[in-house]
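Take a look at the structure set out below.
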Amino acid sequence: MSREVQKFVQEAGYQPLEDRCIIVKYAPANLSEQFAAFFNSEFYVLQMCEHEIVLLPFNTTWGNLRKDVSLVLPYGDIQSVELEDAMLNTLVTIRTGSDVIRLTTQQAELSDLRSSGIYASIYAGYFKNWHKENLDDTLKALKALGNG
């Protein structure tokens, strides 16, 4: 995991779980939004913590990680998590009692060539794609939430 991600999460008052962070975007709801989302560069780090999921946004202008937590989702609020392959991405649908949060994450196989690999490598401090390394185990841990 990127030390910078871990540091920002700890400074915000959360306890990050080692190797449980990936890069995500909010998923488009329909084909029109999907077209617009292709040009959207709003990426986030999804970090699983001891008691919650947090999203940290990247600065869309400079590409650096912002010291900001844009979403906190306590595990106790999660009713289910569904995963669905959608071409080169995986859709992550998180259902709570009152909301449905749809995220998309770039699959590991091509992430070295896509935005997730670029962002992950930058924040590792060297060429190491922690998104790719963490993806399978993070998705498996997410899928287990709310299903117990």
Side-chain angles (χ1 to χ4, degrees), residues 1-29 33 36-37 40-86 88-148:
M1 162 179 23
S2 163
R3 279 182 235 138
E4 188 169 9
V5 171
Q6 188 172 19
K7 178 181 156 197
F8 285 2
V9 171
Q10 288 172 335
E11 286 176 0
Y14 305 99
Q15 295 302 315
L17 299 177
E18 187 71 29
D19 300 328
R20 292 296 173 267
C21 62
I22 58 175
I23 297 176
V24 300
K25 288 175 71 169
Y26 282 98
E33 280 188 29
N40 177 348
S41 60
E42 293 180 16
F43 287 90
Y44 301 82
V45 172
L46 179 150
Q47 173 66 61
M48 295 183 74
C49 296
E50 190 173 326
H51 302 288
E52 58 275 304
I53 294 169
V54 298
L55 290 185
L56 300 169
F58 284 97
N59 183 318
T60 56
T61 304
W62 303 106
N64 60 329
L65 195 59
R66 289 189 358 224
K67 276 190 170 183
D68 185 20
V69 174
S70 61
L71 176 71
V72 176
L73 186 57
Y75 294 147
D77 292 352
I78 297 173
Q79 293 180 343
S80 68
V81 178
E82 299 167 16
L83 305 176
E84 176 186 348
D85 287 340
L88 301 176
N89 296 336
T90 299
L91 293 176
V92 179
T93 303
I94 302 170
R95 296 184 193 286
T96 69
S98 59
D99 290 311
V100 175
I101 301 161
R102 290 176 32 104
L103 303 169
T104 183
T105 188
Q106 296 174 353
Q107 294 172 354
E109 292 78 10
L110 293 175
S111 75
D112 286 331
L113 305 172
R114 299 181 71 201
S115 302
S116 59
I118 294 167
Y119 281 121
S121 297
I122 289 170
Y123 288 97
Y126 48 92
F127 191 74
K128 178 183 178 182
N129 184 344
W130 48 261
H131 169 83
K132 180 179 183 177
E133 292 177 3
N134 295 345
L135 187 64
D136 289 342
D137 289 339
T138 302
L139 291 177
K140 192 179 298 181
L142 286 170
K143 178 79 172 137
L145 294 175
N147 294 327

Distance (rounded to the nearest 0.5 Å) between L83 CG and L139 CG: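 It comes to 5.5 Å.
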
For side chain to side chain contact (heavy atoms under 4.5 Å, CB included), just list the numbers for Y26 and L103, CA-CA rounded to whole Å, side-chain angles, deciding distance to a tenth of an Å, and then say yes or no. CA-CA 4 Å; Y26 282 98; L103 303 169; 3.7 Å; yes

Donor-acceptor check, side chain of Q79 to backbone of S98, threshold 3.5 angstrom: yes or no?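 Judged by distance alone, no pair lies under 3.5 Å.
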
List in chain and number order the residues that pass side-chain contact (heavy atoms from CB on, under 4.5 Å) with [X], two or more places apart in sequence or in another chain; answer none if no residue qualifies.
X   : result
L91 : A27, E84, A86, R102, T104
E11 : K7, F8, K67
Q10 : Q6, P16
E52 : Y14, C49, V54, V72

Less than 4.5 Å apart, any side-chain heavy atom of L142 and any of M48?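 With C-beta onward as the side chain, the pair touches.
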
Does the side chain of L145 come within less than 4.5 Å of I53's, by heavy atoms?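 In contact.
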
My understanding is that only residues two or more places apart in sequence, or in another chain, count here; which of them pass side-chain hydrogen bond (donor to acceptor under 3.5 Å, both in side chains) with E82?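 E82 satisfies side-chain hydrogen bond (donor to acceptor under 3.5 Å, both in side chains) with R95 only.
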
Under the side-chain hydrogen bond (donor to acceptor under 3.5 Å, both in side chains) test, residues paired with D99 that sit two or more places apart: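 None.
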
Identify the two heavy atoms, one from [X] and one from [Y], that lie closest to each other, and give their separation to 0.1 Å.
X   : Y    : result
R20 : T138 : CA-OG1, 3.4 Å
E50 : Y75  : O-CE1, 3.4 Å
L73 : I101 : CD2-CD1, 3.9 Å
I23 : T105 : O-OG1, 2.8 Å

Using the side chain to side chain contact (heavy atoms under 4.5 Å, CB included) rule, pick out the option among L71, L55, N134 that qualifies with L46.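 Answer after filtering L71, L55, N134: L55.
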
